[in-house]
Structures are given as structure tokens and as C-alpha cells.
Amino acid sequence: MLNKPSIPKGTRDFLPAEMAGRNYIFQTITNVFSLYGYTPIETPAMENLSTLLGKYGEEGDKLLFKILNSGDFLSKVPSGEYFRDSNKLSFKICEKGLRYDLTVPFARFVAQHKNSLTFPFKRYQIQPVWRADRPQKGRYREFFQCDVDVIGSNSLFNEIELGQIIDDVFTGLNVSCDVKINNRKILAGIVDLVGESGKFNQIMTAIDKMEKAGRENVIMELRDKGLSSESIEKIMSFIGITGSNKQKLNSLISMLQESEAGVKGAEEVEFLFNNLEKLDLQNDFTFDVALARGLDYYTGTIFEVKAKDAEIGSICGGGRYDNLTEMFGLPDVSGVGVSFGADRIYDVMIQLNAFPRELLTTTKLMFTNFGEKEAAFSLSVLEKVRKAGVSAELYPETVKMKKQLSYAHRRHIPFVALVGETELKEQLVTLKNMETGTQEKISPAKLIEKLTS
RNA sequence: GUGGAUGUAGCUCAGCAGGUUAGAGCGUCAGAUUGUGGAUCUGAAGGUCGCCGGUUCAAGUCCGGUCUUCCACCCCA
């Protein structure tokens with residue numbers, strides 16, 4: 001029995017119409033990346049599991065796709081306990097995994113190739129990543145990330161540049177966004193002042209839900225995690241701060257006086273905003289104390305971008321990581337970068353109808369096919385048209401005009417050249433404008449002139 | 001990973017309390033004096049009712065399982 005063809009949960013095929021949109025996004029993004037001097041790299045789809053594990057937090061480890069060892073993978077596993085714990089067993093029989101993001105493989109790449117790189121190293125990387133998450137709208141198991149990172153520089157000018165890149169990309173894509181910025185040092189300072197440093201990660205994931213779940217739920221979650229009422233109240237007084245970016249920063253700096261890290265973080269954010277303000281940015285940049293982000297490796301600035309007019313999670317996110325390459329044997333190299341989620345950006349742009357109409361057009365001119373002799377003449381004109389840089393094609397079969405024109409119509413081909421018996425005799429073509437419906441009989445030279453002007 | 005929904009023609013959905021040939025709209029294809037699309041009219045094709053199993057004389061309709069998609073949680077692009 002033949003089963004219906006299918007693909008794994010959370011993966012997708014892309015039709016030509018979808019690829020047009022996706023490539024438009026990739027092109028816009030790469031153009032911006034190279035405009036700022038970033039160069040591309042690629043890394044393998046799979047990494048050694050040891051490279052991936054322990055970088056994304058407990059939750060992240062669970063979401064890694066593991067790859068079963070080849071050959072007789074059970075032969076080396078001691079019998080007994082391993083066969084009662086599938087999680088434990090999985091690490092025994094899987095040495096490789098699919099990458100979960102592009103940042104960790106990048107850190108590995110930098111540590112591995114440090115001698116061939118020039119620092120500060122600016123790279124971009126556009127490749128798919130995989131997460132064994134349960135799929136939902138805007139959440140896939142295979143999706144593309146477009147990463148830009150600078151590594152080997154502590155300067156906050158890198159952060160400013162990333163802010164500009166974010167602004168340029170989304171302006172170019174015609175999607176208006178809220179760009180939220182915070183700094184992990186501020187959060188560390190807060191947790192420190194509260195005296196709950198041991199619960200840093202737990203507190204992070206709780207307060208990250210401020211916007212989505214609301215104040216009450218965050219308080220409840222913190223209580224569930226064993227924080228005292230005083231601690232909770234103190235935390236809430238920090239993350240509940242309101243006002244303009246400047247006002248929030250000012251009050252925060254005074255509240256954080258006792259924490260060196262906290263003040264440092266606030267000053268970094270202040271520096272960032274002071275500089276961003278001077279730039280001509282199209283999107284909204286706001287300082288959000290409740291922005292935490294789940295990934296373990298962030299240590300400084302963190303970014304998160306949401307589309308203003310669409311219901312979907314974040315479409316871009318990132319931050320600074322001071323110790324990631326250290327895990328691969330290269331200490332004291334700080335990096336910062338952001339990742340654009342191409343698939344979600346695509347979904348947003350579909351929702352907002354933000355794709356330019358011309359995307360649908362692949363061929364500008366189609367020659368109709370009236371018969372062998374006429375088509376042969378069309379072929380000679382076609383050659384010249386293409387040499388002039390106009391994408392054009394000949395309808396391959398001699399079928400009814402109705403069918404040929406309807407084909408052109410459906411493919412959004414804007415011009416059709418009708419070459420029939422009379423045109424062949426006169427060595428002319430009838431150029432039809434498919435939008436207005438008007439047509440005129442002109443020479444091949446004139447045709448090219450019209451289409452290239 | 002936890003909890004909850006969904007699944008009927010290419011698409012969006014109907015299908016009355018289980019009962020004979022499963023419907024509509026849109027789309028597709030073919031025609032409306034043989035060189036003209038997007039409008040109209042006529043007609044046609046197209047469905048293992050997600051899949052497997054069970055209950056029943058009888059299941060798209062009930063039950064169980066499974067897969068998919070979606071929603072919440074978790075987390076994130």
C-alpha cells in the first residue's frame with residue numbers, strides 16, 4: 001500500500017510563489033549586512049552534541065534534535081541502567097545533533113579558526129536551524145535564521161551598528177517594528193540587590209513574561225519559585241518602572257547604586273540610547289527593563305524586535321555574549337549579534353501584504369506561438385531581447401491564443417509579443433500590454449527599446 | 001514535554017439525532033463561428049470523508065488509537 005507522501009512535522013515545502021517572497025527577504029537582509037561590512041560564512045547543519053549542549057539552558061537541551069550514531073550504535077552501551085532512561089541513553093548513542101541556532105556554532109567556528117580570522121571579525125550567516133519544539137503558528141521545527149555578529153570587540157559601537165542594521169532591514173522590508181533593548185547586567189544587578197543570585201535564570205524567565213502574562217502572573221510565578229514577598233516586591237519595583245527611556249534610565253541608575261554591575265548595565269544602555277537618538281531611525285527603540293530573553297549565554301545588551309501590526313512572536317533577537325568562545329577554549333573574546341527570523345518575517349509580511357507586487361513577475365515578455373515558422377522568427381527576436389537584458393520566453397506549444405494569453409496573465413507577465421502570419425511577413429511583432437490591453441505593431445528594434453526604457 | 005481543539009473535492013466550508021448515488025462557493029478544465037487574457041454564460045472533471053482498528057444490520061456521522069494542523073503552557077526566530 002502506498003502511503004500519502006508527507007514531510008516531518010513542523011517542516012515545509014516552498015512553492016515558487018513563496019520562494020519569491022523568501023528570496024526577497026534574504027536579499028534585502030544580505031544587502032544590508034554587506035553594506036555594513038559583514039562577510040558570509042557557513043557551518044555544517046550538524047555539530048558535535050558536546051558543542052551544542054549546555055549553551056541554551058535546560059529547556060534548550062531538550063529541544064535539540066540528536067542524530068543517531070551510524071553502525072551498531074548499541075554495542076558500546078553497557079546494559080542495565082541506560083535502557084531504563086531514554087534521555088541518558090540518547091546521549092550515549094548520539095554524538096551529533098542538528099544546530100539549534102547559529103550563534104553557538106559561530107563561537108565554535110571562531111575558536112577553531114582564530115588564527116585565520118581578523119578581529120574584530122564581522123560575519124553574517126543565513127542558514128536553517130532545527131528545534132524539536134511543538135509546532136505552532138510562527139513556530140517551526142526547521143527555520144532560517146539570518147545572523148550578524150561582531151566578535152572580538154567590547155565596543156558599544158557594535159551595538160549601535162546592530163541597531164542601525166535592524167532599522168535598515170525592517171525599513172527595507174516595509175515592516176514597522178518595536179525594538180526593545182535591555183542589558184543583562186541590569187538584571188544581574190537587580191537579582192543581586194534582592195539577594196537571589198542563585199535563582200538568576202528562574203527569575204529571568206519569569207520577568208520575561210511581563211508583557212505577555214501580566215504583572216500578577218509574574219508575581220505568582222516568582223512566588224512559586226520560592227521568592228519572599230519582599231524580594232518579589234523589590235523586583236517588581238524595578239521592572240515596573242515607567243516613563244521615557246531617559247526617565248527610566250535615570251531612576252534605575254539611582255535605584256541600582258548599590259550594585260556595580262547594575263549601574264554598569266544602565267550606563268551601557270544610556271550610552272546606546274544617547275547615540276541611537278542622534279540617528280535618523282524609522283522604527284521605535286525602547287528600553288524595557290522586563291526584557292530578559294531565555295538563552296543562557298547573554299551577558300550584556302539584549303535585543304528583541306516585534307512587528308507592530310502583526311500577531312506573532314519576536315521576529316529578531318540577539319545580544320552580547322562575553323563567555324561563549326571561552327567554552328571552546330578561547331577566553332576573553334566578546335561578541336554581539338542579532339538574528340533575523342526569516343520565516344516569521346515572511347509570515348508577518350504576508351499578513352501585512354508588505355511584499356512588492358513586482359515579486360510575482362519573473363518574465364517580462366512572452367512570445368506567443370502560432371506555429372513553427374512564426375516561432376522560429378520569434379526565437380531570433382527573443383535572442384536579441386535577452387541580450388538586451390530583458391527576461392523573456394516563448395510559449396512552447398502551438399495552442400489556442402486564449403490559452404497562451406491566459407497563461408501569461410496568470411504568471412503576471414506584463415507584455416506579450418504576438419507573432420503570427422502577418423507579423424512574420426512584415427518582420428514585425430505585435431506588442432500587447434497585458435495591464436492596459438493596448439497593442440501596437442512594431443519592429444524588433446523598437447520592441448527592445450520599449451522594454452528597456 | 002504537559003493540557004485542549006481540529007482534519008470532508010486544489011482552496012473555504014455545509015452535511016440535519018448513524019441509513020440508499022457525500023453537497024455549495026471559489027478555483028481548474030472544455031465550449032460560446034477556428035489570432036487575444038483578466039468580465040459573463042454553458043458544461044465537465046475532481047472526494048481512499050487524515051490514517052488504522054472497533055461498535056452496529058448499517059458510520060463522514062459513535063468509540064479507541066495514530067498522524068497533521070492549530071491554541072494554551074513551556075520556550076523561542
Side-chain angles (χ1 to χ4, degrees), chain A residues 1-12 15 25 29 56-64 86-87 100-103 126-147 201-202 204-206 208-209 212-213 217 221 292-296 298 302-307 311-318 338-348 366 368-371 374 395 398-424 429-439 441:
Chain A
M1 194 172 101
L2 191 68
N3 283 326
K4 255 187 191 168
S6 65
I7 53 177
K9 186 208 285 260
T11 65
R12 295 149 305 149
L15 300 177
I25 292 172
I29 289 176
Y56 307 107
E58 215 178 302
E59 204 58 38
D61 285 354
K62 283 189 212 153
L63 299 180
L64 286 173
S86 46
N87 191 46
Y100 179 90
D101 73 355
L102 300 178
T103 308
I126 298 179
Q127 291 190 275
V129 302
W130 295 268
R131 295 183 187 176
D133 219 340
R134 183 168 288 197
Q136 261 181 56
K137 201 182 198 76
R139 171 183 283 185
Y140 308 102
R141 285 186 152 182
E142 175 182 64
F143 59 96
F144 274 74
Q145 290 196 324
C146 314
D147 273 40
N201 284 332
Q202 293 183 49
M204 286 310 98
T205 57
D208 202 32
K209 288 171 204 152
K212 199 172 175 188
N217 288 315
E221 184 167 341
R293 297 188 56 77
L295 265 36
D296 271 8
Y298 294 122
I302 42 184
F303 297 93
E304 187 162 289
V305 183
K306 283 195 168 149
E311 282 291 315
I312 203 158
S314 54
I315 52 177
C316 173
V338 293
S339 178
F340 293 82
D343 305 77
R344 282 190 179 173
I345 292 172
Y346 178 89
D347 291 345
V348 167
M366 185 190 89
T368 57
N369 188 328
F370 278 81
E374 291 88 344
Y395 194 88
T398 307
V399 294
K400 275 187 277 199
M401 262 324 92
K402 184 185 169 79
K403 181 143 189 176
Q404 299 192 32
L405 284 170
S406 135
Y407 172 85
H409 174 74
R410 288 212 283 161
R411 284 199 51 204
H412 303 94
I413 296 173
F415 295 98
V416 170
L418 294 119
V419 181
E421 203 181 344
T422 49
E423 283 86 355
L424 178 62
V429 303
T430 297
L431 178 67
K432 180 181 172 84
N433 180 321
M434 291 296 279
E435 200 178 331
T436 60
T438 56
Q439 54 191 67
K441 211 189 279 178

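Any value given below was found using the heavy atoms of this structure, including those in side chains, with hydrogens, waters and symmetry copies removed. Just so it is clear: chains get the letters A, B, ... in the order the sequence lines come, proteins before strands, and each one is counted from 1.
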Query raised in the report: What is the nucleic acid contact for A:Lys432, judged by heavy atoms within less than 4.0 Å: base, sugar-phosphate only, or nothing?
Result: base
**Report entry** Distance, rounded to the nearest Å, where A:Leu63 contributes CG and B:rA77 contributes P
**Finding:** 12 Å
Query raised in the report: If we take the P atom in both B:rC11 and B:rU69, what is their distance in whole Å?
Result: 15 Å
Query raised in the report: Aromatic rings A:Tyr395 and A:Tyr407: how do their planes relate, parallel, tilted or perpendicular, breaks at 30° and 60°?
Result: perpendicular
Query raised in the report: Can you check whether A:Phe340 stacks with the B:rA77 base, using ring centres under 5.5 Å and planes within 30°?
Result: no
Query - Inter-nucleotide P distance (B:rA44, B:rG37), Å rounded - result: 24 Å
Query raised in the report: Mind checking the C1' distance from B:rU8 to B:rA22? Whole angstroms is fine.
Result: 8 Å
Query raised in the report: Taking atom P in both B:rG47 and B:rC76, what distance in whole Å separates the two?
Result: 46 Å
Query - Contact under 4.0 Å: A:Arg410 side-chain N or O vs B:rU28 OP1/OP2 - result: yes
Query raised in the report: When rounded to the nearest Å, what value does the distance between C1' atoms of B:rG60 and B:rU2 take?
Result: 31 Å
**Report entry** Donor-acceptor pair present, A:Glu435 side chain and B:rG38 base, under 3.5 Å
**Finding:** no
Requested in this report: Answer yes or no: does a side-chain N or O of A:Lys137 lie under 4.0 Å from OP1 or OP2 of B:rC70?
Outcome: no
**Report entry** C1' gap between B:rU68 and B:rC51, integer Å
**Finding:** 10 Å
Report task. Test for a donor-acceptor pair under 3.5 Å between the base of B:rA77 and the side chain of A:Arg131, counting only N and O atoms. Result -> yes
Requested in this report: Tell me what A:Glu304 touches on the nucleic acid: a base, only sugar-phosphate, or nothing, going by heavy atoms under 4.0 Å.
Outcome: nothing
**Report entry** Pairwise P distance for B:rA45 and B:rG31, with rounding to whole Å
**Finding:** 16 Å
Query raised in the report: Can you tell me the Watson-Crick or wobble partner of B:rG31, both distances under 3.5 angstrom?
Result: B:rC41
**Report entry** Span that lies between the P atom of B:rG25 and that of B:rA32, in whole angstrom
**Finding:** 24 Å
